[in-house]
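Residue numbers count from 1 along this sequence.
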Amino acid sequence: MELIVKNGKVITESGIARLDIGIVNGIIADIRPELDERADEVIDAKGMLVMPGVIDSHVHMQLPAGGTVSSDDFTNGTKAAACGGVTTIVDFAIQEKDRTLAEAIASRQKEADGHVAIDYALHAVPTDWNTGTADEIKNVIGNGVPTFKIYMVYAKQGLMSDDAGLFTALEQTSKHDGMVTVHAESQTVLDLLIDRYHKKDMMAKYGVYCHALSRPNYIEAEAISRAVTWAEATGGRLYIVHLSTAEGVDIIKQARERGISVHAETCPQYLLLDDSVFGGPEGYLYACAPPVRKKNDIEKLWLGLAEGDIDVLATDHCPFTIEQKSAWSGDFTKIPCGLPGVETLLPLIYTFGVTKGRFSEQRLARLLCSNPARLMGIYPKKGVLMTGSDADIVIFDPNKKAKLSHSDLQTNCDWSPYENFELTGFPRMTISRGKIVSENGKFVGSTSHGKFIRRGRVDSPLHVN
């Protein structure tokens, strides 16, 4: 063996047990109660929780947005991910006008290759439904990109697909084992409300809270409902990104009861922050789309995670510095929307999910690892600890306590939405394909270690705790 991880409390698909994990050529070669083989290196994980590397299926590295570019590039963003126990990210390749999806993917790969510290994959983002786009979906799936993001908003930015585009994407992916992921907000009513609050008297009265007021719950709920209608009509597989509302949870649950293939992710910001953050002097920092909601939405989302109505935890990592966010200058429509998250995902969810008794360690691993692996088409290569899988492993200290400070993080973002949160449980070590890439929150790997992952058939998650 090249590396053996011994004596850990290991989370597998079948349960949690004290096991040893043997690694050869970046692959798990053996996993059983006691490995007596010789090894080049042995890591004693006694007292540690050993889990699969986290898969963050929703990140935006070096994304042009709001007149600037998100502050983590591929290099530093993947270093931050590694420090947080994330071993695979899924970013986005956005189609340009009169260009193909294949060209978008190749261009994004060119940006990332040689500059990533962990493995990565891409969602294709159709934005120009020209005569070739629909026909191209089959080949894109065949080339290892089975997921397609549809924006139901951002028409002015050239990102939105109309209902015909969404319908077409669901129709085409249903034929070839792909999946459509959807940013669900209702464009025309949203535009109406933004215009309503984008007035001097309104902004003087409500300040940055205009951002939340212009995006009420029904903006998300209506769009989810519409997307579910098209999924039912086409037989396509639907995945709602950054679910934020109680109403959305109910719509998804009811759709599943009717036999519709619909899945959802939510993010830490929608579980741990509420709209009171907009009342502070730095409220503009917290702007993201959709916005953080109210406490009843938070509780419904936690319940949805525990009961299996929400399948995945991701981050929508899209950080901007204080200077970048300050460009709003009192105009809520000019705030670059997005929050940092990839580095703090695991400790936040362990603290407020597992230690608060909301769900088990086994459920944590499903939400962060095996469910995204199945839905993103990389199971069992990723997301699970079993013989033959990539040796993507987190050795996690469930007893370490610390107050979160942005100054301790790898991210280029100079603030954190979770500043001073008291956390319990942190990654002690992150291993990517058999290589140690972080220890005790510090990056120790190579920034060219990561590689592009060609994905296969999209599968359904296991709905058990």
Taking salt bridge (charged side-chain N to carboxylate O under 4.0 Å, His left out) as the test, write out the residues that go with Asp275, two or more places apart.
-> Lys294
His406 side chain to Asp414 backbone, donor-acceptor under 3.5 Å | yes
To the nearest 0.5 Å, what is the distance between OG1 (Thr411) and NZ (Lys79)?
-> 11.5 Å
Among Arg374, Arg366, Arg256, which one satisfies salt bridge (charged side-chain N to carboxylate O under 4.0 Å, His left out) with Asp311?
-> Arg256
Is the distance between the ring centroids of Trp415 and Tyr286 under 6.0 Å?
-> yes
Between Ala169 and Ile150, the two heavy atoms sitting closest are CB-CD1, 4.0 Å
Applying ring pair (Phe, Tyr, Trp, His ring centres under 6.0 Å), run through Phe452 and Tyr120 and close with a yes or a no.
-> CA-CA 5 Å; Phe452 177 70; Tyr120 80 101; 5.4 Å; yes
Sequence neighbours excluded, the answer for salt bridge (charged side-chain N to carboxylate O under 4.0 Å, His left out) partners of Asp119 is Lys382, Arg433
For Pro291, does its backbone N or O pair with a side-chain atom of Arg215 as donor and acceptor, under 3.5 Å?
-> no
Interatomic spacing from CG in Leu63 to CG in Asp73 - rounded to 0.5 Å | 13.0 Å
Is there a donor-acceptor pair closer than 3.5 Å between any side-chain N or O of His449 and the backbone N or O of Ile118?
-> no
Pairing residues for Phe278 by the ring-ring contact (aromatic ring centres under 6.0 Å, His included) criterion, not counting sequence neighbours | none
For Glu96, does the CD atom have more than 12 heavy-atom neighbours from other residues, nucleotides or ligands under 6.0 Å away?
-> no
Does Thr88 reach the main-chain N or O of Ile55 with its side chain, forming a donor-acceptor pair under 3.5 Å?
-> no
Of all heavy-atom pairs linking Arg237 and Ser261, the shortest is CG-OG, 3.2 Å
Which pairs with one or both residues in residues 69-109 pass ring-ring contact (aromatic ring centres under 6.0 Å, His included), sequence neighbours excluded?
-> His58-Phe92, His60-Phe92, Phe92-His123
Within-4.5 Å side-chain heavy-atom neighbours: Arg108 and Asp91 = yes
Can you check whether Phe332 and Tyr197 have ring centres sitting under 6.0 Å from each other?
-> no
Show the numbers, then the answer: is there a salt bridge (Lys or Arg N to Asp or Glu O under 4.0 Å) between Lys300 and Asp250?
-> CA-CA 9 Å; Lys300 191 63 175 281; Asp250 288 336; 2.6 Å; yes
Does any non-hydrogen side-chain atom of Met61 lie less than 4.5 Å from one of Ile89?
-> yes
Tell me, with the steps shown, if Ser161 and Trp129 meet side chain to side chain donor-acceptor pair (under 3.5 Å).
-> CA-CA 8 Å; Ser161 291; Trp129 288 95; 2.9 Å; yes
Is the backbone of Val249 close enough, under 3.5 Å, to the side chain of Asp309 for a donor and an acceptor to pair up by distance?
-> no
side-chain contact (heavy atoms from CB on, under 4.5 Å) against Thr12, all qualifying residues, sequence neighbours excluded | Val10, Ser14, Leu19, Ile31
Is any side-chain heavy atom of Met152 closer than 4.5 Å to a side-chain heavy atom of His183?
-> no
Check whether any side-chain heavy atom of Phe359 lies under 4.5 Å from a side-chain heavy atom of Ile349, and answer yes or no.
-> yes
Indicate the atoms forming the closest heavy-atom contact of Ser214 with Leu190, along with that distance.
-> O-CD1, 3.1 Å
Verdict with reasoning, Ser244 to Glu220, per side chain to side chain contact (heavy atoms under 4.5 Å, CB included) = CA-CA 8 Å; Ser244 67; Glu220 178 179 271; 2.8 Å; yes
Salt bridge flag under 4.0 Å for residues Glu222 and Arg226 = yes
Under the 3.5 angstrom rule, does the side chain of Asn76 hit a backbone N or O of Asp72 as a donor-acceptor pair?
-> no
Return yes if some donor-acceptor pair links the side-chain N/O of Lys435 with the main-chain N/O of Ile431 below 3.5 Å, else return no.
-> no
Quick one: does Tyr284's side chain get under 4.5 Å of Ile322's, heavy atoms only?
-> yes
Do Glu232 and Thr229 have side-chain heavy atoms sitting under 4.5 Å apart?
-> no
With distance as the sole test, does Gln324 use its side chain to make a donor-acceptor pair with the main-chain N or O of Gly67 at under 3.5 Å?
-> no
Considering only heavy atoms from C-beta outward, does the side chain of Tyr350 approach that of Leu364 to under 4.5 Å?
-> yes
Check: Gln95 side chain, Asp128 main-chain N or O, donor-acceptor pair, under 3.5 Å = yes
Side-chain (Thr234) to main-chain (Phe167) donor-acceptor, under 3.5 angstrom | no
Those residues that, when tested against Asp331, pass side-chain hydrogen bond (donor to acceptor under 3.5 Å, both in side chains) (two or more places apart) | His198, Thr333
Any side-chain heavy-atom pair of Tyr418 and Leu273 under 4.5 Å | yes
Chi angles and distances behind the side chain to side chain contact (heavy atoms under 4.5 Å, CB included) call for Val116, Thr75 | CA-CA 5 Å; Val116 286; Thr75 299; over 6 Å; no
